[in-house]
Amino acid sequence: MADGRLVTPQDLGLDVPLVLTAALDDIRARTERLALRECLQRSGQNVSRAARDLGVSRTTMYRLLSKHGMQP
């Protein structure tokens with residue numbers, strides 16, 4: 001059933017290519033932007049409340065917004 005010593009996914013007909021379409025940094029940045037956007041919407045655009053909900057300081061919240069080119 002297997003060509004080698006170990007059974008591989010290909011031996012079982014499970015030819016699933018492992019392809020990453022985006023780098024980890026890109027995925028992390030998109031997720032961070034989404035979290036910021038959603039939290040600001042839930043807080044009624046209140047930066048202090050959104051920062052508190054995310055568990056970061058208001059200063060950090062402004063830094064993150066600036067990093068992603070977002071306006072409060």
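Values in this document were obtained by computation on a predicted structure and should not be read as measured data.
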statement: Here the pair of heavy atoms bringing Lys67 nearest to Glu32 is NZ-OE1, 3.1 Å

field: Side chain proximity check, Leu54 to Leu64, heavy atoms < 4.5 angstrom
entry: no

message: Taking the side chain as everything from C-beta on, heavy atoms only, tell me whether Leu24 gets closer than 4.5 Å to Arg28.
response: yes

Same apolar cluster (I L V M F W Y, side chains within < 4.5 Å links), Ile27/Leu34: no

- prompt: Residues in salt bridge (Lys or Arg N to Asp or Glu O under 4.0 Å) with Arg58, at least two apart?
  reply: none

OH-OG distance between Tyr62 and Ser57, expressed to the nearest 0.5 angstrom: 11.0 Å

- prompt: So which heavy atom on Ala50 is nearest to which on Met61, and how close?
  reply: CB-CE, 3.6 Å

field: Residue pair Leu40 / Leu65: nearest heavy atoms and the distance that separates them
entry: CD1-CD2, 3.6 Å

